[in-house]
Every structure is written in structure tokens, then in C-alpha cells.
Amino acid sequence: MALDLSQLNPQQRAAVLQTEGPVLVLAGAGSGKTRVIAHRVVHLLDKGVPARSVLAVTFTNKAAQEMRDRIARLAGDRARVKGLTVSTFHAFGMRLLREQHARLGLPARFAILDAGDQVALVKRLLRESLQIDDKRFDLPRVVSLLSRRKMGTAPGQPGAPDHEYELCATELLPRYQLGLRAMGAVDFDDLLLVPLKLLRADAQLLESYRNRHRYLLVDEYQDTNETQLQLLELLAGMRRNLCVVGDDDQSIYAWRGAQVRNILQFDKRFPGCAEIFLEQNYRSSANILDAANAVIGKNPARKAKRLWTDRGRGPPLRVVCAPDDEAEAKYVADEIVRVSYEEKIPPREIAVLYRTNAQARPFEEALRLLGVRYRVVGGTSMFDRKEVRDLLAYLRAALNPSDEISLLRIVNVPARGIGDQTVARAQELARGRGATVWEVFSQGAPELSHAAERIAQFAQLVEKYGQRLSGPGFSAAARDLVDEVGLFDEARRSSQSLPAQARRIEAMESLLRQLIDYEKREEQRVSDLRLSGLGLQTSNLSDSPADEEFGSGLLGYLTRLALDSKEADGDAGDSVTLMTLHGAKGLEWRCVFLCGLEEGLLPHSGKGFDGETVEGAINLEEERRLCYVGMTRARERLVLTRAAQRIRRGKAMMRTPSRFLEDIPAELLDTVDLGSPQAAPKEVQEAKAKNFFANMDALLKDP
DNA sequence: GAATCACGCATTTTT
DNA sequence: TGCGTGATTC
């Protein structure tokens, strides 16, 4: 019954056994981090720590779910892990807010604004409250500035080149906060900030949280921001039972407020902490590790780790220079076919990684041409599409009409004769009456003359579906809504091309399917619970965060969606993965293609990427870490590619090789230059020739 | 108030 | 390349 720790290496074991006081575990890539965390939690349980005293925090819901699974599997007995809290920072904050909503003046079911909603709100405030043309500002940038202000990490700097943005943020911030309040909503930052404030202000509440969560565990600690650090400090209190696990070399979210210094200076904040290095790597071949070490070794401020492995050297890394981006993609696609035939590496064990989503396209085309199954992860997700956002806005507005962002988004979609003028007048009226826009809509307003009738109809529609969507059968109701409102017709009408039309309809269909799926699974969970209540073993060993956390029904779905935009990545069978380097953190494949190793791209140079990188304009250290993360995803084969020339907006631009390539010792590399024909593999030469003649033909036919 | 067309724009990473 | 936005016209 006792946990078997003999399978762990000495450092891993130390990380498991050091249960008291602050502990910093520096877990290099592939060093068995998740394993250690799971063992540590189960070890705590073995020692008699009640499950409900353990709080483990992650950044993503996926990571939380994985951790739950690992712990449950290791603990073996489901009853033992009952009461354990494994949650994201944001979900944790949300739970606290739910508990305390009344004293904060928040409705019990407050809305959570996602990035798109934030932009919409800022846009509205700019126009209506400040009378500023919203085109003058890059709205996402304004939103991120507001976020930094809220977090207290961006003091206004007069005289800075973006002074107008600073001014804008200063004017906007109080109005933005009021706007949130008025809607009974919070944004992502509030999910952390408000709990922090509350715990600071209420000693009793703080005490109860400290008593409940006696053992704290944080994964991916290098990604924490200032607020999260303060929250952890507060919760840890004098007990200081805080174990953080992370890797400063994999800190790639500084642009989002993460502070590497949290992990670098952990010992300053928590003096006397234990520091444990996990450096044995169980993932990659020695060649890959040596190369990755060489790249990351150039970073000045870091907790120097030297990953090692007792596995073999493996094949050398390949560095490929293609004449242009198309050839790069073609080479990668050819290699994928070859590797899956000759080395029997299945597509699911192969990944193509790149810096920016825009790079995905050529790879998609090349793979499609060869009939290779692939899936593109990330990029503009289905939930960023206009029509899906419209549909979601319908659902949200119906459930909660005081969600003004959603309500106003759909009030005239599809066009139903309630234009900007009418909406503006309704808002005016609302302000005059001291009421909300929804109240004006639903109570009727003769002042709105000819539009009054239309508005009454719209309000009726919202009310009707508000009823139907808030109970069981909501997925069917959503479909009816789409039909009744005519969203499909709208998509058909407003698309200029047939494929665009198909994409829009498909996107909405897929959301509807997800809803059906979700409702089914929820029914399943409910009956599972009933079974387990009768003492029957159920299929699912680990509980997913249950309804009490997110709410049930459609509201639960929408809440989950707000906190986890990449719901179900639908594991589409055996296919090659295409994703950005950011998306790849925490994953691994037998064979990895790391593409676009060029100055301006990796390291990325921000605007334009026109070759020469302006030092200081980018965070070179973070770009280096990004490269390191990419390299360490590979188990057996790592191929680094670049293009000598890239077509961008119709113009060809010469590219220089990434400085990171220079840092890798030549003896680890096998260099291929597709630009010089002698060096190119025969198949590639033939393909290039074919491509050349095809282009000639096209030119001759259509001069 | 709605539909159509044309222009012009901008492309990093997202819990 | 595609998209969104704006001006124009009905």
C-alpha cells in the first residue's frame, strides 16, 4: 500500500520527501516533473495529511486534469483523493469569488469577460464615454495595458514613445472598472486580484483559507506573475508549506506578465527554502540535449542546469536550409513521409513547430498534397470566429440579459432594423431612467417610435430562449435559436465565397455539436454519480471539476469556456501535429521539426521581421528559451529548418540564419543545403524541377 | 437602416 | 493573402 519510491532517482525522491517548509524544485525539461508532483501528493496522503488540506495549482485546465489523473492513478483508491483541490489559479480565484460574491456586490453568477469581450468593452467606452475614435488605438494593446495597470506592474511613464496609450489607459481604467461593475462581471485579472484584496482585508477569511490549504503545490512556477506570487505568499503564511516546481529556462510568458524573477529569487522571498535540481532527462537523446544545453547556456541569468541522459547519443540533429518557405515546407512534408515509412514513426509522434501561426500555411499545403493527416493546434480558434462569437453572445445574452456586451453585440445581428441610432437612444434612455439597457428593452419604450416594435420582439426572443436555455435540453434549444434567428441564412448571405460560407456554417455547427456532446456527458456524469453513490465502481476514476465549481447546464459550459478557451482539442486520430512553440511546452514527440530558424522569426523581432533584429526591441533571452523549449520536445529526431528567402505580402525577402544555430556545436549537426543542388536528396531535386516546370507552364499559359 | 463595393491594412506568442 | 472597415448608394 505504501508508495514505492525506489523507482525515483535521488533528487526526485528528495523532492517528494521534503514535505515541510518552502521547496523549490528546478525541473529541467523531461526530468519527470509530473511524476514527482504526483508522488509528492500521494506521499502527503500516506503521511496522514487529509486530502482536503492539499492545494495544487496549475495554469491550464488541461494540466490540472492531467495532474488529477496521475494522482488518482498513483493513489489507486478513489476515496483517498476525494477532497483534494487541483485547480488553475483562475478557477481557484473564481471559487473564492463565488463564495464571497454577495459582499462584493457581484451577482452569484457573475460573468467572466474573455479577451474579445474586453476589447468590445474598451471600444464602447472609448466611443461613448471618452468620445475618442476607437480606430486611433490598437484595442488589444489598450486592453493589455489596462491589465498591467491593474496588476500594478506598469507605472505610467510620461514621455515614453507610447505616451498617448498611457494617457488613454489612465482615462479608461476607472471607467472600465465601473463598466465591469455595471455588468456584474469580472475579467481574468479580477479572478486573481479581487481574491487577493479580499484575503488581505479580511483576517478571518484568510485564516480559514490558511487552515484549509495547509500544503501548497504550484506547477510551472516560472509562469507566475506578481499577483499570483502575492496570493501564494498570503496563503502560505507562517506555515510556509509551499512547494513550487518549474524551470526558469522554460519561462516563455513574460509578455503576459509572468516574472522569471519569481523563480530566480524564490530563496529571497522564502529564505531557508530547500532547492532541488532535477537534471536527469528521460526524454531525449544525448545529441539533442547537448544542442539544447548549448543554446540555453548562453543566457546570463539563470539557475544553471545541465541536463544529462543515460540513453544513447542518437542520430545527429539535422539543420536544413531551403531556398524558400515553400521548399522548407515541402522538405518537411517529404521527410515526414520518409520517416514514417523508414523509421516507422507514426504521425501522432511527429510535430512541426514554428514561432508564429502565420507559418503554418505552407506546411498544411505541403502535407495535404502528400495526403498526410495533420492537425493544426491553436491559431485562430473556432471561438475567435465572428459567427461563433455571435452565437455565443446569443447564448450569454439569453441566460443573462444584463450582460450588455453580449446583448448589444447581437441586438442587430442579423440585421433586424435596430441600428446604431436606436441603440444609442436606448442607452440614453437607460441612463436617464437609471436603468439598464435590457430594462429599457424589456419594459418597452415608446420614445423609440418605429423601432419600439422591433425591440419588443427582440426582447421577447431573448426572454423565450432565456427560459429554454437555462434548463435541460439546452443544446436542442440552442439549435432552435440558430434556426429561428436565421444565423445560418445570415452566414450564407454575408459570405462572398462558397468556402467561406461553408467554414462559417461548419464553425457554428461544430459549436452546436459540442453543446450536444457536453449535455450528454453531463447527463452521464450525473448518472455516474448516482451509481457511485450506490457503491458501484464507475469508469472514470478521477473527477473532473464538478458542477459545484462551474455551475451546471449551459451556464457551466460557458463558464468553462471562459476559463479554458481550448476546450477538447478533439484528438483527431493519428495525425501530425502543427503548432507554435508556445503551444508545445509540456509536450513531446519522437520526431520534431523546428522551423523558420531565421533572424527576425526565431528570435522574433516584433514588428515586420524584416531581417535585421533591433537589439533591445525584443526579449532575446525569452526567444532563446523558446528555442530551447522547442528543441527539448524531441525524443529521437530533431530537424531544424530555415529558408534562405521568404515570400511575404507578395515580396521575396532574403533571410539570415538564426543566431541560435551558431550556438550548436558543429559535431552534433548534419547540415543539408537545399539551395545547392548537389547536396539535396534526389527526390527533393526532382520535386524542385517539377515545381520549376509547373511554374514555367503557368507563366507561358498566362503571361 | 441596409447592402454593396473598394480600399487598405496588418500579421507573435494567449492562461 | 484575407480580412475588416468605410464610404457610397439604394
Side-chain angles (χ1 to χ4, degrees), chain A residues 57-64 87-94 112 114-116 118 123 133-135 138-141 143-144 147 187-189 191-192 219-220 223-225 227-228 251-258 353-362 365 377-381 383-386 412-423 450-451 454 490 493-497 499-500 503-504 561-567 579-586 596 600-610 617-619 622-623 625-627 629-630 646-651:
Chain A
V57 195
T58 62
F59 276 85
T60 69
N61 288 293
K62 195 173 151 221
S87 141
T88 66
F89 274 103
H90 293 279
F92 177 78
M94 185 193 70
I112 299 167
D114 68 20
Q118 286 179 294
K123 191 172 180 174
D133 183 4
D134 58 74
K135 296 197 307 294
D138 172 28
L139 295 178
R141 188 170 154 200
V143 168
S144 105
S147 165
D187 63 15
F188 280 107
D189 301 326
L191 289 178
L192 307 172
D219 191 18
E220 305 282 15
D223 290 337
T224 51
N225 62 28
T227 313
Q228 287 157 337
S251 162
I252 55 174
Y253 284 107
W255 52 275
R256 221 165 104 203
L353 307 179
Y354 35 76
R355 179 63 230 264
T356 68
N357 279 311
Q359 288 166 258
R361 195 152 288 172
E365 278 164 19
V377 180
T380 30
S381 104
F383 298 99
D384 295 330
R385 304 177 135 279
K386 181 183 168 303
N412 204 29
V413 177
R416 53 166 73 83
I418 308 175
D420 296 344
Q421 297 287 324
T422 308
V423 171
H450 64 284
R454 310 228 152 217
E490 169 70 8
R493 198 154 4 97
S494 62
S495 312
Q496 54 291 61
S497 74
R503 272 200 301 272
R504 288 181 179 181
L561 200 59
L563 286 178
D564 183 16
S565 56
K566 9 171 153 146
E567 178 95 342
M579 63 163 63
T580 64
L581 287 168
H582 283 89
K585 194 174 72 166
L601 208 46
L602 186 64
H604 198 267
S605 64
K607 42 195 183 285
F609 82 65
D610 32 25
I618 52 162
N619 187 343
E622 181 146 317
E623 295 297 316
R625 292 192 289 260
L626 212 37
C627 184
V629 166
R646 214 167 264 278
I647 317 280
R648 189 142 153 102
R649 244 181 287 177
K651 279 202 195 91

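In what follows, every chain begins at residue 1, and chains take the letters A, B, ... in the order their sequences are listed.
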Among B:dA3, C:dT5, B:dT12, which nucleotide has an atom closest to any side-chain atom of A:Thr356? B:dT12
Taking only the side-chain heavy atoms of A:Lys123 (C-beta and beyond), determine which of C:dT5, B:dT14, C:dC3 contains the nearest atom. C:dT5
Could you tell me whether A:Arg504 and A:Glu490 have a side-chain N and a carboxylate O separated by less than 4.0 Å? no
So, is A:Thr580 near the phosphate of B:dT14, with a side-chain N or O under 4.0 Å from OP1 or OP2? yes
Any side-chain heavy atom of A:Tyr354 sitting closer than 4.5 Å to one from A:Thr580? yes
Could you check whether A:His582 and the base of B:dT14 form a stacked pair, meaning centres closer than 5.5 Å and planes differing by less than 30°? no
NA contact type, A:Glu622, heavy-atom cut-off 4.0 Å: base, sugar-phosphate, or nothing? nothing
Ignoring hydrogens and geometry beyond distance, is a side-chain donor-acceptor pair present between A:Thr58 and A:Asp219 at under 3.5 Å? no
When all nucleic acid strands are considered with a 4.0 Å heavy-atom cut-off, which category describes A:Ala415: base, sugar-phosphate, or nothing? sugar-phosphate
With heavy atoms under 4.0 Å as the rule, sort A:Arg385 into base, sugar-phosphate or nothing. nothing
Euclidean distance for C1', B:dT13 against C:dG4 (whole angstrom): 23 Å
For A:Leu192 and A:Gln228, work out which heavy atoms get closest and say how close. CD1-NE2, 3.7 Å
By nearest atom, which of the nucleotides C:dC3, C:dG4, B:dT14 is closest to the A:Arg504 side chain? C:dG4
Looking across every strand, which nucleic acid part, if any, lies under 4.0 Å from A:Thr422 by heavy atom: base, sugar-phosphate, or nothing? sugar-phosphate
Under 4.0 Å: is that the gap between some side-chain N or O of A:Arg355 and OP1 or OP2 of B:dT11? no
So A:Asn412, base contact, sugar-phosphate only, or nothing? Heavy-atom distance under 4.0 Å. sugar-phosphate
NA contact type, A:Arg454, heavy-atom cut-off 4.0 Å: base, sugar-phosphate, or nothing? nothing
A:Arg361 atom CZ, neighbour heavy-atom count above 12 within 6.0 Å: no
Check whether the aromatic ring of A:Tyr253 stacks on the base of B:dT13, taking stacking as ring centres less than 5.5 Å apart and planes within 30° of each other. no
Can you find a donor-acceptor N/O pair under 3.5 angstrom joining the side chain of A:Arg361 to the base of C:dT1? no
First encountered from the 5' end of DNA chain B, between A:Thr88 and A:Asp138: A:Asp138
